[in-house]
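See below for the structure under consideration.
A, B, ... follow the sequence lines: proteins, then strands. Residue 1 opens every chain.
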Amino acid sequence: MEKWSPATIREFRRTLLAWYDQEGRDLPWRHDHDPYHVWVSEIMLQQTQVQTVIPYYQCFMAAFPTVTALANAAEADLLKAWQGLGYYSRARNLQRAARQLVTDYHGQWPTTAATLQDLVGVGPYTACAIASIAFNEVVPAIDGNAFRVFARLLLIDADVAQPKTRQVFFDILQPIVDSQRPGDFNQAVMDLGSSYMTAKTPDPAHSPVRAFDASYRTDQVLAYPVKTKKPRPKLVPYYGLLVTSPAGDLLVQRSAQQMLAGYWTYPLIPKADLLPAEATTTPTLAADIAALEARWQRDYQLSVRFTPLGGRTVSQTYTHQRWQVSLLQAKLPTATPLTYFPGQWVATTQVADLPVPKVQEKMMRRWAQARAAVQ
DNA sequence: CACTCGTGGGT
DNA sequence: TACCCAAGAGT
């Protein structure tokens with residue numbers, strides 16, 4: 001591992017900030033240092049690329065321009081604003097924290113990384129980012145970019161997939177952060193990490209800090225950062241139920257305990273839930289449909305006949321699961337009341353107003369194709 | 001600490 | 001294709 005002298009550290013800061021002043025990106029949340037703007041952008045940017053965030057950030061600020069507006073927002077509006085951005089608990093936590101700020105803090109922001117972490121959804125990275133950018137606290141904001149950039153510059157061998165490695169980087173970076181411009185220093189590292197020092201296709205030869213890059217000097221750029229691999233997502237088969245009546249399409253809102261909480265989908269039934277685990281026969285489509293119809297009759301007093309929808313399944317890959325959804329179709333001749341079924345009839349024209357996840361959009365497209373083919 | 005939680009883009 | 005990756009945090 002490399003060790004920089006105080007003189008090298010000074011020269012590195014000067015080089016990095018000079019480049020940032022010339023080449024730093026003009027992003028919507030960099031127009032000022034308002035902590036609300038910094039905070040919302042940092043939450044959106046968690047595990048999400050800048051290009052994806054920009055339009056969401058602009059719409060979000062137009063809809064919820066202040067902490068108070070966010071605290072008072074209707075949940076449906078919030079989920080709709082976050083639709084498609086992923087990691088939806090971020091939206092809920094954002095509003096919970098806005099309410100914390102209004103009620104517990106009386107609109108007065110905590111100004112240190114240590115106290116910012118008391119806001120739900122604000123962890124070690126985001127707290128340091130807000131503290132340095134909005135309040136000039138001299139702390140390193142250690143995210144994936146910082147891991148990648150400094151692992152290469154300094155040949156740091158610690159496994160960045162391990163939680164304890166954050167402290168290793170923090171201790172190394174604390175004396176390197178520019179004490180006059182900590183926020184700009186941290187943002188410059190992020191710009192570096194998303195341009196010359198990307199994960200797969202870096203361009204270290206033209207990096208503004210190539211003279212400080214030990215991995216480039218020793219021709220082992222792609223060997224850093226050291227990161228252990230994660231297991232591949234597990235296949236989870238589902239039935240997706242396309243049920244119509246004169247009242248509209250049948251949709252359910254996902255519970256607070258489920259993934260995609262609060263978002264609406266067609267009823268999704270894990271195939272594993274249909275037949276008892278001790279069943280000896282291999283589940284067939286016909287047996288699954290029979291079990292499904294019997295359950296709807298017994299639990300919901302709904303007489304429904306399902307038929308398979310032709311074509312491929314709908315797939316959606318998440319970090320730890322790969323959903324493979326086989327679509328079944330059913331048509332009820334009358335607007336049957338859903339006395340026991342935990343869902344709603346939604347008129348086709350109103351589906352667009354509901355917050356829906358990507359897998360629901362895919363199911364809707366597949367169904368629209370099937371209906372168009374019949375015509 | 002290990003696991004969970006979305007989506008889009010790149011190779 | 002099937003991976004890997006991207007401004008992480010909560011449990």
Establish whether the base of dG6(B) is bridged to the side chain of T48(A) by a donor-acceptor pair shorter than 3.5 Å. yes
I want to verify a distance call: between dG8(B), dA9(C), dG6(B), whose nearest atom is closest to the Y88(A) side chain? dG6(B)
Here the distance between atom P of dC5(C) and atom CE of M197(A), to the nearest Å, is 16 Å
For the atom pair OG1 (T66(A)) and NE2 (H37(A)), what is the distance rounded to the nearest 0.5 Å? 9.0 Å
Can you establish whether the number of heavy atoms outside H206(A) located under 6.0 Å from its atom NE2 is more than 12? no
Pairwise side-chain hydrogen bond (donor to acceptor under 3.5 Å, both in side chains) hits with a residue in residues 308-317 of chain A, at least two apart: Q316(A)-K362(A)
Checking contacts here: which listed nucleotide (dC5(C), dA9(C), dC4(C)) is nearest the side-chain heavy atoms of K227(A)? dC5(C)
Which nucleotide wins on minimum distance to the side chain of R148(A), given the candidates dT7(B), dC1(B), dA6(C)? dA6(C)
Give one of base, sugar-phosphate or nothing for Q162(A), where a contact means two heavy atoms less than 4.0 Å apart. nothing
Between dG8(B) and dA9(C), how many Å separate the two P atoms, rounded to a whole number? 22 Å
Would you mind telling me which of dT11(B), dG8(C), dA7(C) lies closest to the side-chain atoms of T201(A)? dT11(B)
Check whether R90(A) reaches the backbone of M44(A) with its side chain - one donor and one acceptor, N or O, closer than 3.5 Å. yes
Atom-to-atom span, CZ of F185(A) to C1' of dA7(C) - whole angstrom: 15 Å
Using a 4.0 Å heavy-atom cut-off across all strands, classify M259(A) as base, sugar-phosphate, or nothing. sugar-phosphate
Which listed nucleotide (dC5(B), dC1(B), dA7(C)) is nearest to the side chain of L45(A)? dA7(C)
For Q187(A) and Y20(A), indicate whether the former's side chain and the latter's backbone hold a donor-acceptor pair under 3.5 Å. no
Flag if over 12 foreign heavy atoms under 6.0 Å of CZ, R217(A): yes
Looking only at N and O atoms, is any donor in the side chain of T319(A) or the base of dG6(B) less than 3.5 Å from an acceptor on the other one? yes
Counting the atoms with a prime plus P, OP1 and OP2 as sugar-phosphate, which does L192(A) contact under 4.0 Å by heavy atoms, base, sugar-phosphate, or nothing? nothing
Roughly how far, to the nearest 0.5 Å, is CD1 of I43(A) from CD1 of I130(A)? 6.0 Å
Let me know, please, whether M190(A) or N93(A) comes out on the 5' side of the other along DNA chain C by nearest nucleotide. M190(A)
Validation row, ring centre F169(A) to ring centre F150(A) under 6.0 Å: no
Distance check needed: dG6(B) C1' versus W323(A) CH2, whole Å only. 10 Å
Per the under-4.0 Å heavy-atom filter, residues of residues 108-145 of chain A near DNA chain C come out as V120(A), G121(A), V122(A), G123(A), P124(A), Y125(A), T126(A), D143(A), G144(A), N145(A)
Check residues 231-250 of chain A and write down every donor-acceptor pair under 3.5 Å in which the side-chain atom is one partner and the other belongs to a residue at least two apart or another chain.
{"unit_1": "Y239(A)", "atom_1": "OH", "unit_2": "D288(A)", "atom_2": "OD2", "d": "2.6"}
{"unit_1": "S245(A)", "atom_1": "OG", "unit_2": "A247(A)", "atom_2": "N", "d": "2.9"}

Classify the nucleic acid contact of R254(A) as base, sugar-phosphate or nothing, counting any heavy atom under 4.0 Å across all strands shown. nothing
L85(A) CG to dA7(C) P: how many Å, rounded? 15 Å
Looking at K164(A), I'd like to know whether one of its side-chain N or O atoms comes within less than 4.0 Å of OP1 or OP2 on dC1(B). no
In whole angstroms, the gap separating C1' of dG8(B) from OH of Y318(A) amounts to 14 Å
R92(A) CZ to dC5(B) C1', straight-line distance once rounded to whole Å: 12 Å
Determine the interatomic distance between C1' on dA6(C) and the same-named atom on dG6(B); round to the nearest Å. 12 Å
Could you say whether H320(A) or Q51(A) is positioned toward the 5' end of DNA chain B, judged by the nucleotide with the nearest heavy atom to each? H320(A)
Looking at the side chain of Q49(A), which of dG9(B), dA7(C), dA9(C) is the nearest nucleotide? dG9(B)
May I ask you to verify whether the side chain of R25(A) and the base of dA7(C) hold a donor-acceptor pair under 3.5 Å? yes
Measure from CG on L260(A) to P on dC5(B) and round the result to the nearest Å. 9 Å
Inspect the contact between D191(A) and R30(A) and indicate whether a charged nitrogen and a carboxylate oxygen are less than 4.0 angstrom apart. yes
Side-chain atoms of K200(A) come closest, of dA7(C), dC5(B), dC5(C), to dC5(C)
Of P231(A) and S89(A), whose closest DNA chain B nucleotide lies nearer the 5' terminus? P231(A)
R322(A) atom CZ is separated from dT7(B) atom P, nearest whole Å, by 16 Å
Is W29(A) touching bases, backbone alone, or none of the nucleic acid, heavy atoms closer than 4.0 Å? base
Tell me what I43(A) touches on the nucleic acid: a base, only sugar-phosphate, or nothing, going by heavy atoms under 4.0 Å. nothing
Kindly say if R232(A) contacts the phosphate of dA2(C), meaning a side-chain N or O under 4.0 Å from OP1 or OP2. no
I'd like the P distance from dA7(C) over to dA2(B), given in whole Å. 24 Å
Between Q46(A) and dG6(B), is there a contact of a side-chain N or O with OP1 or OP2 at under 4.0 Å? no
